[in-house]
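The structure appears below as structure tokens.
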Amino acid sequence: MTKQMQRKCSIPALVCLLVLALLLCVGPAQAAGNKNSDRAETLFVYANDVNGAEVLLKAIPYATMANMAHGSVHDDKTSTYSQSYIDAMPTPTYKEGRGVSVSELLAYAQANTSVAGAAALTYSGSDKLYFTCTDGASFNSSCAVLLETERYYYPGLFEHWNPVESMVAEEYLEQVLAGGVPTEVYLATEAMGGRVRAEDAGNLGSIAEYIAANGGNVTGCLSKANLLISDEAFTLCFGQTAAELENATSTYSNVKKWVYKLRLKESNPSSITALGTVADPECVFSLTGNTLTITLNCADENASIYYSTVGGTTTAPLNLYTGPIVVENYDVTAPFDLGVQAVREGYVSSAKQIFNSADIADDPDAPNFEFKMSGSGSPEVGQPFTVGISLCADKACPLYGGEYRLRIPTAYFTLNSVSAVAAGWDYGMGNEAGDLVVTFTYLDIDGKQSLTANTELDIATLNLMPKAGGATAITVSSALITQKNTLAYQGITADNLSLTISGSAVMKGDISGDGVVNGTDAVLLARYRAGLLTLNEVQSAAADINGDGIVNGTDAVLLARYRAGLLTKL
């Protein structure tokens, strides 16, 4: 079968932050993430359908979220959410931001989706919510714990913190609890936070100077200093429960940054059904000078395509594709991965595809190449067999670099030698899952050697000894030809060589199993007959040359006559 071989590298290839916490003992489960990631430009809201498939309800752009954003006073766009935490140090920590509550987002997606049956979706009690972040972190919780538990902002925490006991001073606890301000779980479009006490700054940083500038008040100090930023959108923010405050529970790790996917899974059978699955997107990289152009498309013309941030830190598909993406001053020695996904309301999204920018589309006038293997007749157990390796192109062109890797099944062949290696080509050998791997490489940055159009360049000859009968193949693991700019050509074809080996699976006389009948086998047979050696089943079959089921002097005579040239075949 013909294989189009692609390589996600250029010719030079030839030559945490761990977070884990719970809101309550029966609370949300979480996963680790990184210190830095890409801002979520879109929030994808999904719901599991009646068959468990993840169906897209709505893709909400950052601009829409920012327009919806508010603080604790919903109809006042200038208000902010204030939230108190105890972090892992432990020390009091403050976070301030604007955003949209999770309940509002679910209601918005429900009201604005085109998915039939979405109006009947529920998000309460044992229904579950799953959050996925661009940095790979994840979080899930029942709606009862996340949305129906009373949560508060406790400004008194900062004033009455006892750093010696690492908790609110006992004599002020009731006062602090009584001063709690109800708050919501929300996704922040802009936020900022830090430790309240200057002496506890650490890596998280202290906001003591902003508190001082705010008349000693923590509440509102960050917005007053115009410090709220969108770099960590969308950040999932929680308030404290009374129990968490009383027990001085560290909850700052509950905050999750860069959320871009929210999924609802109801505890009862869902009211929606997926209409299908979106086709996987395609990607073409083209290079003109040092300008890289990225073109995306999908067979489903009603689908939207999203791609990861070019030059970003993740492959999460965050950005809506509206036309060719242009990357100026592209460095061909520093290729990058691009995550791409196609989505459509009411459908299961395509699988996320990862494309590498090293896979540059060939120029329309570029040559096409073919690596070939050709065998010398029909292979037979015990008889030498050669395989010729060659390369040809449909247009004349200089040869700058290449790689051709073959996998030879050792259950069927012994490689006796590699011969007639072409000038400029080298080869090396290795093993993969017990098979022999032979790799041929060529490198000449000056391109002194050229290929003539439609004329084969003989690269090398493999000299093999078949040792077992049956159907097998010498397979191609890699086939690469590079251009002058070190990028790999895409138009490369390489065939596996399928073979059927005739003859017995056991080579008569080859007691050692090395594919050759020689003095070593005669010694092994003599030692066996003298009682100095035990033969296994395969060795016994090879030693029983006349096939009478007994290894004796007759077999030794036949072996001697074969070695003396008096017999041509055993």
(request) Please step through side chain to side chain contact (heavy atoms under 4.5 Å, CB included) for the pair Tyr347 and Leu56, ending with a clear verdict. (result) CA-CA 6 Å; Tyr347 288 73; Leu56 180 67; over 6 Å; no
(request) Take Leu146 and Phe139 through the test side chain to side chain contact (heavy atoms under 4.5 Å, CB included) and record every step on the way to the result. (result) CA-CA 11 Å; Leu146 191 67; Phe139 178 95; 4.1 Å; yes
(message) Determine whether Tyr330 and Phe285 satisfy the following criterion, ring-ring contact (aromatic ring centres under 6.0 Å, His included), listing intermediate values before the conclusion.
(response) CA-CA 11 Å; Tyr330 174 66; Phe285 296 97; 8.1 Å; no
(request) Evaluate the salt bridge (Lys or Arg N to Asp or Glu O under 4.0 Å) criterion for residues Asp135 and Lys257: first the C-alpha distance (whole Å), next the side-chain angles of each, then the deciding distance (0.1 Å), finally the verdict. (result) CA-CA 8 Å; Asp135 66 342; Lys257 300 179 286 189; over 6 Å; no
(message) Checking Leu228 against Met192 for the side chain to side chain contact (heavy atoms under 4.5 Å, CB included) test, could you report, in this order, the C-alpha distance in whole Å, the side-chain angles of both residues, the deciding distance, and whether it holds?
(response) CA-CA 5 Å; Leu228 304 189; Met192 180 58 74; 4.0 Å; yes
(request) Please report the C-alpha distance between Thr475 and Asp435 in whole Å, then the side-chain angles of each, then the deciding distance to 0.1 Å, and finally whether the side chain to side chain contact (heavy atoms under 4.5 Å, CB included) criterion is met. (result) CA-CA 11 Å; Thr475 57; Asp435 288 338; over 6 Å; no
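A distance of 8.5 Å separates CG in Asn496 from OG in Ser477, rounded to the nearest 0.5 Å. Atoms CD1 and OG, on Ile86 and Ser253 in that order, are 11.5 Å from each other to the nearest 0.5 Å. Taking CZ of Phe234 as the reference point, atom OH of Tyr260 lies at 13.0 Å (rounded to 0.5 Å). Here the CG-CG distance, from Leu292 to Leu287, works out to 6.0 Å after rounding to the nearest 0.5 Å. Remark: Asn485 CG to Asn290 CG distance equals 11.5 Å, nearest 0.5 Å.
With no hydrogens or angles considered, a side-chain donor-acceptor pair links Lys128 and Asn140 at under 3.5 Å. Judged by distance alone, the side chains of Thr64 and Tyr108 never bring a donor and an acceptor atom under 3.5 Å apart. Side-chain contact annotation: Ser138 with Tyr130, donor-acceptor N/O pair under 3.5 Å absent. There is no side-chain donor-acceptor pair under 3.5 Å between Thr315 and Asp337. A donor and an acceptor atom, one from each side chain of Thr273 and Asn51, are nowhere located under 3.5 Å apart. Between the side chains of Glu96 and Tyr94, at least one donor-acceptor pair of N or O atoms lies under 3.5 Å. Between the side chains of Thr134 and Ser37, a donor-acceptor pair is found at a separation under 3.5 Å. If you check the side chains of Ser267 and Asp127, you find a donor sitting under 3.5 Å from an acceptor.
The backbone N or O of Ser350 sits less than 3.5 Å from a side-chain atom of Gln341, completing a donor-acceptor pair. Counting only distance, with no hydrogens or angles, the side chain of Asn36 and the backbone of Thr313 share no donor-acceptor pair below 3.5 Å. For the pair Asn431 (side chain) and Gly434 (backbone), a donor-acceptor distance under 3.5 Å is absent. Between the side chain of Ser230 and the main chain of Glu190, no donor-acceptor pair closer than 3.5 Å is present. Of the possible donor and acceptor atoms, none in the side chain of Gln240 sits under 3.5 Å from a partner among the backbone N and O of Tyr152. Not a single donor-acceptor pair under 3.5 Å links the side chain of Glu232 to the backbone N or O of Ala191. The backbone N or O of Gly136 lies less than 3.5 Å from no partner atom in the side chain of Trp258, so there is not a single donor-acceptor pair. For Thr189 (side chain) and Ala66 (main-chain N/O), no donor-acceptor pair under 3.5 Å exists by modelled atom type.
With a 6.0 Å radius and a threshold of 12 heavy atoms from other residues, nucleotides or ligands, Ile445 has its CD1 atom at or below the threshold. Counting non-hydrogen atoms of neighbouring residues, nucleotides and ligands closer than 6.0 angstrom, the NZ atom of Lys395 exceeds 12 such neighbours. Residue Lys352 qualifies as enclosed at atom NZ: its count of foreign heavy atoms under 6.0 Å is above 12.
Between Trp425 and Tyr442, the ring planes are tilted. Angles from 30° to 60° get that label. Ring-plane geometry between Phe440 and Tyr427 is classed as tilted, the angle between the planes lying from 30 to 60 degrees on a 0 to 90 degree scale.
For Asp38, the salt bridge (charged side-chain N to carboxylate O under 4.0 Å, His left out) test picks out no residue, with sequence neighbours left out. Applying the ring pair (Phe, Tyr, Trp, His ring centres under 6.0 Å) test to Tyr85 and every residue at least two apart in sequence or in another chain returns Tyr252.
The nearest pair of heavy atoms linking Met65 to Leu105 is SD-CD2, 3.1 Å.
Using a cut-off of 4.0 Å between Lys/Arg side-chain N and Asp/Glu carboxylate O, Glu432 and Arg405 are scored as not salt-bridged. Salt bridge annotation for Lys58-Glu345: present, with a cationic side-chain nitrogen under 4.0 angstrom from a carboxylate oxygen.
Annotation: side chain of Val278 is not in contact with side chain of Ser349 (no heavy-atom distance under 4.5 Å).
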